[in-house]
Amino acid sequence: MPVHNADIAARFEEIADRLEIQGANPFRIRAYRNAARTLAELPQEARVLLEKGEDLTRLPGIGADLAAKVREIVETGHCSLLDRLRRELPPAVTELLQIPGLGPKRVKALYHDLDVQTVEQLYRAARDGRIRALPGFGDKTELNILQAVEAHVSQTHRFKLAVAAQYADTLTAFLQALPGVGQVTVAGSFRRMRETVGDLDLLVTAQAGSAVMQRFTAYDEVAEVLSAGGTRASVVLKSGLQVDLRVVEPPSYGAALCYFTGSKAHNIAIRRLAQKRGLKVNEYGVFRGSERIAGDDETSVYAGVGLPWIPPELREDRGEIEAAREGRLPRLVELSDLRGDLHAHTRATDGHDSLRDMAEAARALGLSYLAITEHSRHLTVAHGLDPLRLTRQCDEIDRLNLELEGIVLLKGIEVDILEDGSLDLPDDVLGRLDLVVGAVHSRFHLTRAKQTERILRAMDHPHFTLLAHPSGRLLEQREPYDVDMLRIIRHARQRGCFLELNAHPERLDLLDSHCQMAKEEGVLVSINSDAHSRYDFANLRYGVGQARRGWLEKDDVLNTRPLAALRRLIRRTM
DNA sequence: GCCGTTTTCGGCCCGACTGTTTTCAGTCG
C-alpha cells in the first residue's frame, strides 16, 4: 500500500493535535502543521522524490528531523513518535478538537478530569451537567459545548460559491442601505473565489459607534447570533450559512480588507515579511512603531511591505509572494477576455432552450462563437444524440448560421468516452464536426491505471479536441475519479488537444492546481459554461475565478482566441 | 522543529470576543 502525501500530512496533523493537548512547545506544534501543509500541496509524491534520491529538507518547513519522519512513514507505514503519542492519549481524543469552542486546553481538562474521550462521552458529560463543575468552565461553556456537539453531529457543510453568492448579494444590499455605512465588501474565501466557502466574511466601513452591528444581528435571515462586539459579529443564517461581519473606519479599509480576505497562510507570510522590515501589519494598517504608514487601500498595504498588489485569487501562499517580489505576477485572465464558449446543450438533449435562444444569450454576453455539444447516444438519460439526430442538428446549425449576426455556432458533440477508451459515435460522424468534446460519464471507479489509459486512448482518436470536466468531481457530492492528471496533461500536449475548465458551479473542474499544471506543461484550457439553459452563461464568471486561482493568463485560455485563430488551433492533424 | 538581507541561537503573526474571572486564559479567524 503506497503512502501518499495526504497520509503523511494527516499523521503530522495528528501529531500536532496531540502535542498541543499535551502542552508542548507551540512552535514545535506549528512546525508539524507547516510541514503537513507543505506535503498536502506538494504536486509530487514524497515517496517518488525519495525514490529519486531527492533531498526533502529543501522543501519549505521540512528540516532534518521531519525529513527523517517522512522517510520513516514512507518506508514503514508508521511513525514511531505518533505511535508513542497514541499510547499516551486515547485514539479518539483528537476528534474532540473538531468541536468549535474546544481547543487543546479544554480537551486536556475534559480528558483528565472527566475521562471524556469521545464526542459521545462529551455530549453525555455536558447533558449531565458535569462539565460546569470543572475549573475554568461554567454554565455557559457547558451549554455552548452541548449545542456545538449537536451542530457537529448534524454535519456542517461548505456552501458552493454560487450558492453563497446569493446570500452575499442580498446581505450586501441590506447593509449598503443602512445609514452611516460606506463600503460593503465580501472578503474571505468568497473574494478569493474558492469553489466552496465555509462562511461569508463581510467588511463594512462605518463611523465608530454606528448602529450597523445591531441592525446586522437583527437581520431577518439571522437564526442565531454567535457573538457580537463593537466591531465584530458572527451570526448563522437560517440556511445554516455562517456570516462574520467586521466594521472598520474608512482609513483602515485597505488593511482590514487584506486581513479579512486572507488566506490565513498568506496573511502570516505578509506579516512575517513586514516584521523583517521592522514593521507591523494588522487589520488597522501598516505600522512603524506607533506610526501608521499605510492601510487606506490594499495597494498601500502591499507597497508598505515592498510588494505590488496581489489579486485575491492568488492569496494562498502558494508562491504568489515570491512572484510579486520578483515582478512576475501573472496578468490573470478576465471574464471580458472570453470570446466564445465551447460546451453547451439545447433542448435536443437535456438542455431547456432552442439553438437560437442559446446563440442569442451567448451573444448578449459578448461572445462571438458558441459550440453546441449535445450528449451522445450512450447517455440515454439525457436523450443523447445518435448519428441521424446529430446530422440533423448539424444541418439546422448550418441554416441558422446564415441568419445569425454577431455570433457563430460551432458544430460539436459531448461524446461519451466508453470504458475501453473508444468514442460513442462513428468516425465519419465525428469527422463532420468542428470539435469533439470527450467526457467520462460512466464507470467512475476504475483503477487509476485503467481510468488513465481510458482517457489517453480517447485522446488518441484523430477527431478528439477537448477533455470535458477532467476530474469528474461534483462538489460535496462525488469525489474525482482516480487518474494520473499529469500524464493526461502531457498526452494532451503531445496530441495537440485541450482540457476544459467546466464553469458549472457544481463542477468547477479543472481544479486550480491542475490549471497550474496545464499552464506549466503548455496545454491550453477552455473555460466553458456547460450551459443547459440561456441563463447558465452567467456561470462563466465562476470558471474564470477558478482559472485565476490556477494562475491562468489570457493566452493560457483557448477560448480567448478570436474565431479564426480558434479554428486553426482545434483543426487536428491526423 | 525550522530557519537565517542583523542570527547556527533565539526568535517564530496579530487582535477580537467570550466566559470566568476580578486581570486573564482559551479559542477563533
Side-chain angles (χ1 to χ4, degrees), chain A residues 12 15-16 19-21 23-38 56-70 81 96-110 131-145 147-148 187-189 197-203 213 217 225-235 242-248 252 255-256 258-287 295 301 305-306 317 321 325:
Chain A
F12 282 0
I15 288 173
L19 288 174
E20 208 166 14
I21 294 169
N25 176 354
F27 300 108
R28 184 181 172 212
I29 294 160
R30 185 183 298 170
Y32 278 98
R33 297 210 192 279
N34 288 340
R37 182 164 180 267
T38 293
L56 297 186
T57 65
R58 288 169 55 182
L59 299 172
I62 296 188
D65 183 274
L66 289 179
K69 286 195 170 65
V70 172
L81 170 63
L96 297 176
L97 291 172
Q98 302 302 311
I99 307 295
L102 285 192
K105 300 290 195 305
R106 286 177 176 162
V107 167
K108 184 182 184 182
L110 288 163
I131 290 177
R132 69 183 79 160
L134 295 180
F137 291 76
D139 292 1
K140 200 70 191 289
T141 305
E142 184 178 77
L143 183 63
N144 286 342
I145 288 174
Q147 291 172 343
S189 49
V197 300
D199 58 19
L200 281 181
D201 299 295
L202 295 176
L203 180 66
M213 277 305 173
T217 51
V225 178
L226 298 176
S227 72
T231 64
R232 173 177 241 171
S234 292
V235 303
Q242 183 173 326
V243 183
D244 297 336
L245 177 69
R246 184 68 186 260
V247 178
V248 297
S252 297
C258 282
Y259 167 82
F260 234 21
T261 297
S263 66
K264 187 174 177 175
H266 177 86
N267 286 352
I268 289 173
I270 292 293
R271 286 174 186 170
R272 193 172 286 152
L273 209 59
Q275 208 179 33
K276 283 182 189 164
R277 300 175 145 236
L279 304 173
K280 183 178 75 170
V281 173
N282 59 25
E283 57 263 58
Y284 300 108
V286 181
F287 295 86
V301 176
V305 295
D317 193 22
I321 290 169
R325 190 162 47 213

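Letters A, B, ... mirror the listed sequences (proteins, then strands); counts begin at 1. Just so you know, these numbers use all the heavy atoms, side chains as well, and skip hydrogens, waters and symmetry mates.
Distances shorter than 4.0 Å separate none of the side-chain N or O atoms of A/Ser234 from OP1 or OP2 on B/dC28.
Spacing between atom CD1 of A/Ile29 and atom C1' of B/dC2 amounts to 14 Å, rounded to whole angstrom units. Note: NZ (A/Lys108) to P (B/dA25) measures 15 Å, nearest angstrom. Between A/Lys105 atom NZ and B/dT20 atom C1' the separation is 17 Å, expressed in whole Å. Between the CZ atom of A/Phe137 and the C1' atom of B/dT27 there is a distance of 12 Å, given to the nearest Å. Between the CG atom of A/Leu273 and the P atom of B/dC12 there is a distance of 15 Å, rounded to whole Å. Distance, A/Leu81 CG to B/dG1 C1': 11 Å, rounded to whole Å. Regarding A/Gln242, its CD atom lies at a distance of 11 Å from the P atom of B/dC28, rounded to whole Å. To the nearest angstrom, P of B/dG1 lies 4 Å from OH of A/Tyr32.
Among the heavy atoms of the strands lying under 4.0 Å from A/Pro100 are primed sugar atoms or P, OP1, OP2 only; no base atom is included. Using a 4.0 Å heavy-atom distance criterion, A/Ile270 is classed as making no nucleic acid contact. At the heavy-atom level, A/Ala274 lies nowhere under 4.0 Å from the strands shown. Among the heavy atoms of the strands lying under 4.0 Å from A/Pro104 are primed sugar atoms or P, OP1, OP2 only; no base atom is included. Among the atoms of the strands shown, none is found under 4.0 Å from any heavy atom of A/Leu143.
In this structure, the separation between CG on A/Leu245 and CE on A/Met213 is 4.5 Å, given to the nearest 0.5 Å.
A salt bridge is absent between A/Lys264 and A/Asp317; no separation between the charged side-chain nitrogens and carboxylate oxygens falls under 4.0 Å. Salt-bridge formation is detected for the pair A/Arg33/A/Glu20: a Lys NZ or Arg NE/NH1/NH2 atom is positioned less than 4.0 Å from an Asp or Glu carboxylate oxygen.
The gap from the P atom of B/dG15 to that of B/dT20 amounts to 26 Å, rounded to the nearest Å. When the C1' atom is used for both B/dC14 and B/dC9, the distance is 25 Å, rounded to whole Å. When the P atom is used for both B/dA16 and B/dT21, the distance is 24 Å, rounded to whole Å. Across the C1' atoms, B/dC28 and B/dC13 are found 14 Å apart, a figure rounded to whole Å. Here the separation of B/dC12 from B/dC17, taken at their P atoms, is 25 Å to the nearest Å. Nucleotides B/dT8 and B/dG4 are separated by 13 Å at their P atoms, to the nearest Å. Rounded to a whole angstrom, the distance from the P atom of B/dG11 to that of B/dT7 is 14 Å. For B/dG10 and B/dT6, the C1' atoms lie 12 Å apart once the distance is rounded to whole Å.
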Summary of protein contacts for nucleotides 13-18 of chain B, nucleotide by nucleotide, where a base hit scores B, a sugar-phosphate-only hit scores S (4.0 Å, heavy atoms): BBBSSS
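In this structure, B/dT22 is classed as anti because its glycosidic torsion departs from zero by more than 90°.
Inter-residue side-chain proximity for A/Val235 and A/Leu226 is flagged as unmet; no heavy-atom pair is nearer than 4.5 Å. At least one side-chain heavy atom of A/Phe12 sits under 4.5 Å from a side-chain heavy atom of A/Leu66. By the 4.5 Å heavy-atom criterion applied to side chains, A/Leu279 and A/Arg271 are not counted as neighbours. In this structure, the side chains of A/Phe137 and A/Leu110 come closer than 4.5 Å at one or more pairs of heavy atoms. Looking at heavy atoms from C-beta onward, A/Asp199 lies out of side-chain contact with A/Val243 at the 4.5 angstrom threshold. Two residues are said to be in side-chain contact when any heavy atoms from C-beta on lie closer than 4.5 Å; A/Leu202 and A/Asp244 fail this criterion.
Here B/dG26 sits opposite B/dC17 as a Watson-Crick or G-U wobble pair (both hydrogen-bonding atom distances under 3.5 Å).
For the pair A/Pro135 and A/Ile99, both in contact range of DNA chain B, the more 5′-proximal nearest nucleotide belongs to A/Pro135.
Taking only distance into account, the side chain of A/Asn34 never meets the base of B/dG1 through a donor-acceptor pair shorter than 3.5 Å.
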